[in-house]
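Have a look at the structure below, then the notes.
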Number of protein chains: 2
Amino acid sequence: MEFPPGTRLSEGEIATRYDVSRQPVREALISLSRIGLVQVLPQRGTIVTRISTRHMMQVRIAREALESAIVQRACERFDGVIRGSIDAILETQARAACEGDYMTITAADSQFHAALATGADCEMIWQMVLDVKAHMDRVRHLTLQDRDSMRILVEQHRAIVDAIDQRDPEKAEHAMRHHLMEILRDLPRVLAERADYFE
Amino acid sequence: MEFPPGTRLSEGEIATRYDVSRQPVREALISLSRIGLVQVLPQRGTIVTRISTRHMMQVRIAREALESAIVQRACERFDGVIRGSIDAILETQARAACEGDYMTITAADSQFHAALATGADCEMIWQMVLDVKAHMDRVRHLTLQDRDSMRILVEQHRAIVDAIDQRDPEKAEHAMRHHLMEILRDLPRVLAERADYFE
DNA sequence: TAGTATGGACTTGTATGGTAGATCAAGAGG
DNA sequence: CCTCTTGATCTACCATACAAGTCCATACTA
């Protein structure tokens, strides 16, 4: 969101800005365009993709599908060491939620979901989730500001871990789907407040 | 599979081979490395990724999760025009199966799955599926040779469409999962026959 | 003989000049 | 007043040249 949706980018501009040549910038933009965060218009320019509700719906469904599969697998087998590290992550996140520390809470969020995937031996799937997560993070960046939202987040994480500890796949899947459903609450609000970010 | 797993690639070689400069080749390889089909070793070289059973397992799970979500959504709403085109695709595929026409059958397979996604308004999800499908297609390329396998494929496609026509999400999901499970039968055989393609 | 430099032949990574295509504004012609 | 043309000025795209790291065969040394 440092470059808001709709921003026109130029390989040359970014190159001079970061004091590198155009080529590595171009390669980075190609990677970003594969994810869908930017849109390269041949011979015309590059723009930061605007948020589309239709796109967000599909992105959410995809993430829900993938992360549901992850927690289901987590109920079958889960690495003990990683299970231990999750408690620390949640504690950090809970503390950050009390203090309203946005940076820490989002970093811990990534760590949490990544730990779930790694513990369930689903690192490749996590790589896919990362791509769709990038889109959802843009919306969340605009919403996750009040401490109530943060507290809810931590509670939902706890519910997911509890279900995995109980080796209850259905409960875990439900908790995960519920967790990822959260964005649906915020989306209309963001659309109303920042219509210029949407297409 | 024109460049078998394990093949050492060189930006320069490919560039002269296709009579372009190194830069577009390099950008293509970067895209392929994002999908995981090639592995770029900085300052050392680029190799076509070997097939890993662990990776294939996760890839299969991911695709199953995504395409299950697609057919479930397809049971809720499905575009009528696209529904019509599917019959033609399946007919083409059935004919190709009788003749043992590998090229046509795989092309129709892609069209079928893509049509499902498009009809269910899940084109973004289909883009994700394409990436994982590339990995599975490498294995299938080694297995889908006998006509029995081809006939099974078409029947499974029909079962999926039938379930969607009946608006039965559970049946559709089951049919899709069963269909994507097929690769598990072939994987051990391929591993035994072409161990050099695996890591 | 074993171990260690060393130079050359690779590799990917980066920088830069030039090209083709797209856009837009100003001006000519109807 | 509208339509079309033209040219300047953007852009991404491509080709080329250079830099830096890796590997390996060879030669040299203890």
Side-chain angles (χ1 to χ4, degrees), chain A residues 1-52 55 59 123-124 126-128 130-132 134-135 138 195-199, chain B residues 1-52 55 59 123-124 126-128 130-132 134-135 138 195-199:
Chain A
M1 301 302 283
E2 187 176 334
F3 300 95
T7 307
R8 285 195 80 241
L9 300 176
S10 156
E11 293 178 356
E13 259 182 58
I14 301 178
T16 55
R17 175 169 179 156
Y18 293 101
D19 196 38
V20 290
S21 83
R22 297 195 326 263
Q23 214 51 50
V25 172
R26 175 176 165 74
E27 288 166 10
L29 288 177
I30 289 175
S31 289
L32 287 174
S33 78
R34 275 200 63 86
I35 300 176
L37 286 179
V38 305
Q39 202 168 356
V40 179
L41 310 172
Q43 319 290 4
R44 301 209 293 144
T46 304
I47 57 173
V48 179
T49 311
R50 287 181 193 276
I51 302 171
S52 135
H55 185 216
V59 158
E123 281 173 308
M124 323 284 176
W126 176 244
Q127 286 300 318
M128 301 185 60
L130 272 181
D131 289 352
V132 301
H135 287 274
R138 295 207 298 179
D196 53 324
Y197 286 171
F198 288 74
E199 51 176 32
Chain B
M1 301 302 284
E2 189 177 332
F3 299 96
T7 307
R8 286 196 77 239
L9 300 176
S10 155
E11 293 178 357
E13 259 183 59
I14 301 178
T16 55
R17 174 170 181 159
Y18 293 101
D19 196 38
V20 289
S21 87
R22 264 184 55 215
Q23 215 51 50
V25 172
R26 177 175 164 74
E27 287 164 11
L29 288 176
I30 289 176
S31 289
L32 287 174
S33 77
R34 274 200 64 86
I35 300 175
L37 286 178
V38 304
Q39 202 168 357
V40 179
L41 309 171
Q43 318 288 6
R44 301 208 298 143
T46 304
I47 57 174
V48 179
T49 312
R50 286 182 194 277
I51 302 171
S52 135
H55 185 216
V59 157
E123 281 174 308
M124 322 284 176
W126 176 245
Q127 286 301 318
M128 301 185 61
L130 271 180
D131 289 351
V132 301
H135 287 274
R138 296 207 298 179
D196 53 324
Y197 286 172
F198 287 74
E199 51 176 36

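Everything numeric here is computed off the predicted structure, so don't read it as measured data. Here is how names work: the chains are called A, B, and so on, in the same order as the sequence lines, proteins then strands, and each is numbered from 1.
Within the model, atoms OG1 of B:T49 and NE2 of B:H135 stand 7.0 Å from one another, a figure rounded to the nearest 0.5 Å. Taken to the nearest 0.5 Å, the CZ atom of B:R26 stands 11.5 Å off from the CZ atom of A:R26. Here A:I35 contributes atom CD1 and B:M128 contributes atom CE; the two are 10.5 Å apart, rounded to the nearest 0.5 Å.
No side-chain heavy atom of A:V25 sits less than 4.5 Å from a side-chain heavy atom of A:Y18. Within the 4.5 Å cutoff, no side-chain heavy atoms of B:V132 are placed close to those of A:M124.
Between A:R26 and D:dA12, a side-chain N or O to OP1/OP2 separation shorter than 4.0 Å is absent.
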Yes or no on side-chain contact (heavy atoms from CB on, under 4.5 Å) for B:Q23 and A:E27, after CA distance, side-chain angles and deciding distance?
-> CA-CA 10 Å; B:Q23 215 51 50; A:E27 288 166 10; 3.1 Å; yes
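Scanning for side chain to side chain donor-acceptor pair (under 3.5 Å) contacts around A:E123 gives B:R54, with sequence neighbours left out.
If you measure from atom CD1 of A:I14 to atom C1' of D:dA12, you get 12 Å, rounded to the nearest angstrom. If you take CD of A:E27 and C1' of D:dA12, they are 14 Å apart, rounded to a whole angstrom. In this entry the distance linking CD1 of B:I30 with P of C:dT12 reads 11 Å, nearest Å.
Of the candidates B:V48, B:L32, B:D131, B:L37 forms a side chain to side chain contact (heavy atoms under 4.5 Å, CB included) with just one, namely B:L32.
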Quick one: which protein N/O atoms are closer than 3.5 Å to N/O atoms of nucleotides 8-11 of chain D? Pair and distance per line, please.
none

Find every protein N or O atom lying less than 3.5 Å from an N or O atom of nucleotides 15-17 of chain D, and list the pairs.
| residue | atom | partner | partner atom | Å |
| --- | --- | --- | --- | --- |
| D:dA15 | OP2 | B:S21 | N | 2.6 |
| D:dA15 | OP2 | B:S21 | OG | 2.9 |

